[in-house]
Participant: 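Pasting a structure below so you can have a look.
None of these values were measured; they are calculated from a predicted model.
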Amino acid sequence: MNKYGVDKPDLRFEMEIKPITEMVCGCGFSVFASAITNNCVVHALKVDDGAKFTRKEIDELTELAKPKALKAWPISL
């Protein structure tokens, strides 16, 4: 569950979730800072070519995340 977020992951995509709290502590990004201040952890998954996402695509992913109580979609640059 910690590695893929589900108990039966589709391993074809290798979308492993990684803890990055220590890496982003003090980075200045308010979403991460707020989570860390509230004793939460920050996790991310690497998205190949994520830097090519348009602002519209990122906003659409953010809207998908809201009902699941996720605060952000970290994008791999």
Side-chain angles (χ1 to χ4, degrees):
M1 291 291 288
N2 287 337
K3 204 172 186 182
Y4 295 102
V6 294
D7 59 350
K8 293 182 181 181
D10 186 341
L11 300 176
R12 295 175 294 170
F13 303 106
E14 297 185 31
M15 301 287 283
E16 185 176 340
I17 299 168
K18 302 270 188 176
I20 62 166
T21 306
E22 290 181 20
M23 184 186 320
V24 300
C25 186
C27 73
F29 183 49
S30 64
V31 174
F32 294 163
S34 175
I36 294 167
T37 299
N38 290 303
N39 295 318
C40 296
V41 295
V42 180
H43 287 84
L45 55 94
K46 181 179 179 285
V47 177
D48 290 334
D49 295 323
K52 294 180 182 177
F53 284 4
T54 65
R55 182 69 212 187
K56 180 181 177 191
E57 291 170 322
I58 293 170
D59 289 343
E60 288 170 354
L61 289 171
T62 302
E63 288 303 312
L64 285 172
K66 284 181 181 178
K68 296 170 179 43
L70 300 174
K71 302 294 183 193
W73 287 87
I75 303 298
S76 174
L77 300 177

Participant: For the residue pair Thr21 and Phe32, establish whether any side-chain heavy-atom pair is separated by less than 4.5 Å.
Facilitator: no
Participant: Could you state the interatomic distance from CD1 (Ile20) to SG (Cys27), rounded to the nearest 0.5 Å?
Facilitator: 8.0 Å
Participant: Which atom pair, heavy atoms only, marks the closest approach of Lys52 to Glu57?
Facilitator: O-OE1, 4.2 Å
Participant: What distance separates Glu60 CD from Thr54 OG1, expressed to the nearest 0.5 Å?
Facilitator: 7.0 Å
Participant: Do side-chain atoms of Thr37 reach the backbone of Ala33 as a donor and acceptor pair under 3.5 angstrom?
Facilitator: yes
Participant: Taking Glu16 first and then Lys18, would you say they form a salt bridge - that is, a charged N and a carboxylate O separated by under 4.0 Å?
Facilitator: yes
Participant: Check whether any side-chain heavy atom of Val24 sits under 4.5 Å from a side-chain heavy atom of Ile36, and report yes or no.
Facilitator: yes
